[in-house]
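The structure appears below as structure tokens.
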Amino acid sequence: MVEVQVRDLGWRHAGRREWALRGLDLTIPSGQRVLLLGASGSGKSTLLRALAGLLAADSGDGEGEALLDGVPVARARERVGIVFQDPQTQLVLSRCGDDVAFGLENRGVPPERIWPQVARALRRVGFPYHLDHSTAALSGGEQQRLALAGALATDPGLLLLDEPTANLDPAGAALVRTALAEAVRADTTVVLVEHRIAAALPLVDRVVALGPGGGLLADGPPETVFADHGPALAAAGVWVPGHPLPRLPAAGPAGAPLLSAEKVRYRRHGADRDALPAVDAVVREGEALAVVGPNGGGKSTLALLLGGLIAPTSGVLRAAEDLAAGLDGPPHRWPATGLSARIGSVFQNPEHQFVRANVRDELALGPRLAGHPREHVDATVDDLLDRLGLAALAAANPFTLSGGQARRLSVGAALAAAPRVLVLDEPTFGQDRNTWIALVQLLAGLRDAGAAIVAVTHDDELLATLADRVMSLGGPPTGER
């Protein structure tokens with residue numbers, strides 16, 4: 001059992017003027033299960049890292065203290081399990097079983113106890129592969145299940161979960177929530193950050209909502225918090241159950257095809273099965289196409305193929321003549337500058353595409369490479385900083401952003417080059433209610449101006465709000481919406 005005490009806690013990332021958290025006081029009794037809410041950038045992930053003892057003194061300025069049963073967290077890390085927003089940051093070994101066993105081995109658990117605990121943890125999260133399966137061959141959602149199994153295997157007294165179902169298909173998300181409800185000991189203290197609030201409520205008995213800079217907006221039982229503070233929380237960007245979202249149907253019918261995939265298939269070198277079985281797909285101007293399906297069904301692989309970032313193992317991807325505009329061959333043969341000006345891609349993990357030292361330069365890279373004059377570049381960047389809520393972070397290092405901020409930056413970087421096709425993998429991941437609406441309205445505006453939008457997603461709200469057509473991989477096809 002672990003009691004959490006936070007006293008006047010503050011943290012400012014290196015190079016930032018604003019504090020991610022400041023003056024936070026919070027006590028969580030042993031065994032309590034807390035849903036931590038707040039707008040994007042309100043300090044939720046920073047608080048989890050503070051409780052895990054992962055805020056290094058040389059990476060920012062700290063104030064106050066965080067204690068576990070009265071002991072500073074730096075001396076109690078072995079009592080904490082954490083699952084990050086990006087599971088790749090905590091997968092360290094090449095085989096799945098070894099990765100789950102890593103934490104147990106570091107704690108000196110006797111070898112005869114390790115593998116039964118590994119197998120039990122993998123069963124709890126519904127992990128579908130054998131112990132020797134390669135971690136490099138996992139989809140994003142499968143990686144997330146594996147990371148959760150690694151945290152559960154150590155039987156922590158404090159379990160910290162940063163959006164553990166964000167990249168899971170609905171069935172996988174339900175399975176993980178069931179695993180959490182059944183597998184976590186009754187006396188384990190849990191702090192859960194989650195945007196899927198309605199589904200998460202049965203797992204918790206308390207809601208804590210953070211405001212800008214880490215102050216408390218609300219604190220109490222879920223039914224009391226939402227009854228007393230629902231409208232104010234929604235206005236602040238919290239996903240409050242029952243508050244409607246805008247519907248953004250296309251302004252007109254879809255136009256001509258810009259990309260056409262015929263029986264495209266992809267298999268990684270040395271793999272024993274296809275990452276993407278043969279499929280047909282058409283991407284049309286003025287249309288938002290949503291790609292859905294279970295984890296491991298090939299959605300992200302299809303996004304890479306449509307984005308011209310990998311070549312199909314078989315089949316053909318054709319670009320319309322006016323999209324190619326003088327470039328020869330399929331998109332994967334186009335030069336990088338030509339490709340990014342025509343087809344923009346946003347990866348599932350935004351950090352994989354950051355190459356500049358600050359947010360402004362990251363947004364400016366595409367239009368600069370396209371040869372636009374400085375005045376055009378500056379105007380484009382200023383507009384995107386404002387529309388994506390990143391103006392205050394223009395000088396920040398992209399790798400210090402919250403998950404939601406990093407996602408918006410990755411979308412903005414792709415948009416800055418004004419491509420006619422935009423391929424996005426989980427574009428709404430990590431967004432609060434307000435930034436979600438702003439981002440989806442931006443995509444709808446691009447579609448209505450004639451761009452083609454392809455969005456790989458598990459976000460039901462995105463389907464209802466933006467999608468004009470839905471393509472299902474690994475499941476029954478669905479048609480026009």
Side-chain angles (χ1 to χ4, degrees), residues 1-14 16 18-38 41-85 89-90 103-104 106-109 148 150-164 180 184-194 203-222 225 400 402:
M1 299 178 68
V2 171
E3 180 182 76
V4 176
Q5 293 177 306
V6 173
R7 298 173 178 170
D8 197 30
L9 185 67
W11 181 261
R12 179 171 59 187
H13 296 285
R16 299 277 189 92
E18 301 295 327
W19 291 74
L21 288 169
R22 198 166 203 191
L24 180 63
D25 293 299
L26 185 65
T27 298
I28 303 174
S30 297
Q32 192 169 69
R33 302 185 178 194
V34 174
L35 178 61
L36 185 63
L37 305 178
S42 62
K44 302 182 299 295
S45 296
T46 300
L47 177 56
L48 292 194
R49 289 178 176 273
L51 296 179
L54 298 177
L55 295 180
D58 59 355
S59 63
D61 302 316
E63 295 178 342
E65 60 183 353
L67 307 172
L68 305 184
D69 287 339
V71 178
V73 292
R75 302 208 309 265
R77 290 174 181 164
E78 73 282 352
R79 306 185 67 185
V80 182
I82 185 168
V83 177
F84 299 119
Q85 284 178 330
T89 61
Q90 62 192 108
L104 297 169
N106 283 342
R107 285 165 169 78
V109 175
L148 178 59
L152 290 175
T154 63
D155 240 357
L158 172 62
L159 182 61
L160 308 172
L161 302 160
D162 199 345
E163 297 194 61
L180 287 171
V184 178
R185 298 195 319 262
D187 60 351
T188 300
T189 307
V190 177
V191 181
L192 168 66
V193 173
E194 184 60 271
L203 299 174
V204 303
D205 44 43
R206 178 183 177 188
V207 169
V208 172
L210 299 181
L216 288 181
L217 287 179
D219 183 3
V225 166
T400 67
S402 72

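Note: hydrogens, waters and symmetry copies are ignored here, and every other heavy atom, side chains too, is used. Bear in mind the structure is a predicted one, so any value in this text is a computation, not a measurement.
Inter-residue side-chain proximity for L37 and V208 is flagged as unmet; no heavy-atom pair is nearer than 4.5 Å. The closest side-chain heavy-atom distance from L161 to L148 is below 4.5 Å. With contacts defined as side-chain heavy-atom distances shorter than 4.5 Å, the pair L160/V83 does not qualify.
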Practice problem: Output, in order, the C-alpha distance, side-chain angles, deciding distance and verdict of side chain to side chain contact (heavy atoms under 4.5 Å, CB included) for V191 and I28. | Solution: CA-CA 9 Å; V191 181; I28 303 174; 3.7 Å; yes
Quiz prompt | L67/V4 under side chain to side chain contact (heavy atoms under 4.5 Å, CB included): CA gap, chis, key distance, verdict | solution = CA-CA 6 Å; L67 307 172; V4 176; over 6 Å; no
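Listed by chain and number, the residues in a side-chain hydrogen bond (donor to acceptor under 3.5 Å, both in side chains) with T154 amount to none (sequence neighbours excluded). For D8, there are no side-chain hydrogen bond (donor to acceptor under 3.5 Å, both in side chains) partners, not counting sequence neighbours. Here S402 pairs with Q405 under the side-chain hydrogen bond (donor to acceptor under 3.5 Å, both in side chains) rule; sequence neighbours left out. The side-chain hydrogen bond (donor to acceptor under 3.5 Å, both in side chains) search around S45 returns D162, not counting sequence neighbours. Remark: L217 pairs with A209, L233, A236 by the side-chain contact (heavy atoms from CB on, under 4.5 Å) rule, at least two apart or across chains. Not counting sequence neighbours, the partners of V73 by the side-chain contact (heavy atoms from CB on, under 4.5 Å) test are A66, L68. The salt bridge (Lys or Arg N to Asp or Glu O under 4.0 Å) search around R33 returns none, not counting sequence neighbours. Take T188 and apply the side-chain contact (heavy atoms from CB on, under 4.5 Å) test, not counting sequence neighbours, and it matches L159, V184, R185, V190.
Judged purely by atom type and a 3.5 angstrom limit, K44 has no side-chain atom pairing as donor or acceptor with the backbone of L36. Using modelled atom types, no side-chain atom of Q32 and backbone atom of T189 make a donor-acceptor pair closer than 3.5 Å.
Of all non-hydrogen atoms in P156 and A151, the two that sit nearest each other are CD-O, 3.3 Å. When all heavy atoms of E3 and P29 are compared, the closest pair comes out as CG-CA, 4.2 Å. Contact detail for V204 and P222: the closest heavy-atom pair is CG2-CG, 4.3 Å. Considering every non-hydrogen atom in both L26 and R206, the closest pair reads CD1-NH2, 3.4 Å. The heavy-atom pair separating A153 from L104 by the smallest distance is O-CD2, 3.3 Å.
Applying the side chain to side chain donor-acceptor pair (under 3.5 Å) rule to pairs touching residues 18-31 yields R22-E63, sequence neighbours excluded. Sorted by first and then second residue, the side chain to side chain donor-acceptor pair (under 3.5 Å) pairs involving residues 67-78 (not counting sequence neighbours) are D69-R79.
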Return all side-chain donor-acceptor pairs below 3.5 angstrom for residues 46-62, not counting sequence neighbours, or 'none' if the list is empty.
unit_1	atom_1	unit_2	atom_2	d
S59	OG	A56	O	2.8
D61	OD2	R12	NE	3.4
D61	OD2	R12	NH2	3.1

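To the nearest 0.5 Å, atoms CG (L35) and CG (L203) are separated by 9.0 Å.
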